[in-house]
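Residue numbers begin at 1 in each chain, while the letters A, B, ... track the order of the sequences.
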Amino acid sequence: MSTSAAGARTGQSVNRPALDMAGVERSVRREMERAFRRSVKGLEYIRTGDPGVGLTPKDTVHSRGTLRLYHYRPRVDEVYRTPILLVMSLISKPYILDLAPGQSLIEFLLDRGFDVYMIDWGTPRPEDKRLRLEDYVLDFIPECVEVVHARSGEPDVSIVGYCMGGLLAALYAALHPDVSSAGRLRNLACFTTPVNYDGMGLFRTWTDPAHFDVDRIVDRLGNVPPQMLYASFNALRPASQVAGRVRLWDNMWNDEFVTSYRRLQRWAADQIPFPGECFRQTTKELQQQNLLMKGEFQLGGRLVDLSNIRVPFIHVVAEHDHIVPYEAARDLIGMVGSEDKQEIMLKGGHVSLVAGRNAVRRLWPRLEEWLAERSV
Amino acid sequence: MADSKPPVPPPDPFAMWREWVTKSEHQMNAMLNEMMGTEEFARASGNWVEAMTMFQQTMSEGAQRYFEMAGVPTRTDVAELSERLTAVEERLQRIEALLAAAVGRREQQNEAVRPARTRRPPSER
């Protein structure tokens with residue numbers, strides 16, 4: 001029996017703090033105001049269109065098929081010598097790195113004095129179903145690196161890859177170890193990059209060859225439709241869609257929250273088709289056979305050995321990443337042959353690692369600090 | 001002495017409700033993930049994908065036959081045309097690059113607005 005309860009029964013005076021009634025009143029008033037603003041803002045939410053994304057001024061300096069290489073216009077008078085090339089995933093739009101002013105990694109890097117380029121793979125057309133990883137790693141990325149080299153006049157480039165873009169960048173780095181060539185790699189930064197596909201959790205189970213016939217899917221559909229990819233990503237956290245909408249309603253009074261939510265939702269739903277042959281290759285050779293981890297993965301007849309990567313390397317992983325779990329990403333640091341290498345784990349999930357309020361405080365300054373020392 | 005204690009903030013039911021939403025979300029996700037990680041689920045989802053792709057292929061072939069009969073270009077025709085256009089575009093770009101190299105012109109960029117590449121890291125400033 002608690003002391004206070006005993007005291008109340010015996011009628012003794014109890015040393016009990018008073019209830020903060022003013023606090024109760026404040027809490028109720030706050031919620032009433034929010035309820036009112038929610039109804040007003042809710043109408044605005046329905047009426048207004050999607051907020052703009054990817055607005056940082058840029059020039060398209062190279063194009064090939066659906067690929068576009070962007071060069072972002074500088075925002076300061078003095079930049080670091082080494083330009084940065086951002087490599088995005090094949091299955092999502094690159095504007096996650098340029099969501100909005102103040103929420104854009106690209107804008108942040110420009111303001112901190114970096115010269116920034118980005119590869120946008122575009123939306124694959126039906127004829128792009130033939131593209132394989134070889135096309136990206138041995139042809140498209142080297143071509144873009146060459147353009148960056150020609151345009152910047154600098155012999156080297158830092159590459160930053162996110163998710164599957166990190167994988168493409170690491171494969172490129174492993175197969176282009178020649179540091180004496182023009183357009184050579186200077187630094188490599190990967191975010192949440194999977195290498196051990198045994199650690200891919202539910203994706204691994206769902207693509208088990210006993211139940212998942214990738215040949216039939218690609219032969220029938222060509223490119224894998226974005227709806228299929230979107231559904232599989234959503235299925236990883238089935239309750240989060242509903243919870244997300246509840247939180248949106250709860251925060252409808254908060255303009256900043258709503259705008260940020262809409263931008264991130266737009267990006268999440270804005271999936272693009274996965275080039276068919278590339279999907280077949282990644283599903284069979286990486287997802288099902290885990291060849292990269294076994295050291296048996298080949299591209300264009302060449303064995304991919306990640307220990308050939310000797311340049312300064314950083315791998316940033318997210319503590320609560322449900323798309324690329326740590327079990328799938330943690331081996332990369334050990335496989336890379338660089339002497340100057342580090343892995344850092346930051347709080348957050350797969351997307352909040354690179355975009356949103358948390359990214360501004362956590363990843364971006366760390367990336368700036370790491371790159372700045374190595375970009376002169 | 002009792003009067004000197006600061007007033008106790010009341011339990012905020014709205015904060016409790018928010019916590020409950022987050023907790024329930026995590027519990028539901030964990031429970032459903034466990035269910036979706038079973039072989040039965042993998043088999044069922046494989047069957048669903050099989051049926052979906054079969055349906056999509058049938059629809060696509062049906063539409064193609066219909067457009068062929070109606071004398072209207074099909075998606076395949078448009079894709080072939082697009083492929084040829086892309087090849088022409090790429091060839092033009094290669095010619096353009098060769099021409100630029102032949103006349104010794106570097107990438108077009110206004111030198112006056114190019115920032116100096118002399119920035120030092122904050123630790124050296």
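- Using a 4.5 Å heavy-atom threshold, the side chains of A:Arg125 and B:Thr86 count as touching.
- The shortest side-chain heavy-atom distance between A:Asp250 and B:Trp17 falls under the 4.5 Å cut-off.
- Of the atoms belonging to B:Thr22, heavy atoms from both backbone and side chain fall under 4.5 Å from chain A.
- Using a 4.5 Å cut-off between heavy atoms, B:Glu39 touches chain A through backbone and side chain atoms alike.
- With sequence neighbours excluded, the residues that form a ring pair (Phe, Tyr, Trp, His ring centres under 6.0 Å) with A:Trp364 are A:Phe108.
- Annotation: side chain of B:Pro121 is in contact with side chain of A:Glu373 (closest heavy-atom distance under 4.5 Å).
- Remark: B:Glu83 engages A:Arg130 in a salt bridge, criterion side-chain N to carboxylate O under 4.0 Å.
- Within the 4.5 angstrom heavy-atom criterion, only side-chain atoms of A:Arg216, from C-beta onward, approach chain B.
- Contact check for B:Val49 versus A:Met228: side-chain heavy atoms found under the 4.5 Å cut-off.
- Contacts between B:Glu61 and chain A at a heavy-atom distance below 4.5 Å are absent for every atom of the residue.
- At least one side-chain heavy atom of B:Met36 sits less than 4.5 Å from a side-chain heavy atom of A:Trp206.
- Between B:Arg119 and A:Glu78 there is no salt bridge, since none of the side-chain N atoms of the basic residue sits less than 4.0 Å from a carboxylate O of the acidic one.
- Using a 4.0 Å cut-off between charged nitrogen and carboxylate oxygen, B:Glu25 and A:Arg247 count as a salt-bridge pair.
- In this structure, the side chains of A:Pro225 and B:Gln56 come closer than 4.5 Å at one or more pairs of heavy atoms.
- The nearest pair of heavy atoms linking A:Ser240 to B:Asn29 is OG-ND2, 3.0 Å.
- Taking the side chain as every heavy atom from C-beta outward, A:Arg220 and B:Met54 approach each other to under 4.5 Å.
- Contact between B:Asn33 and A:Pro238 at its shortest, heavy atoms only, is OD1-CD, 4.0 Å.
- Looking at B:Met52, the atoms closer than 4.5 Å to chain A (heavy atoms on both sides) all sit in the side chain, from C-beta outward.
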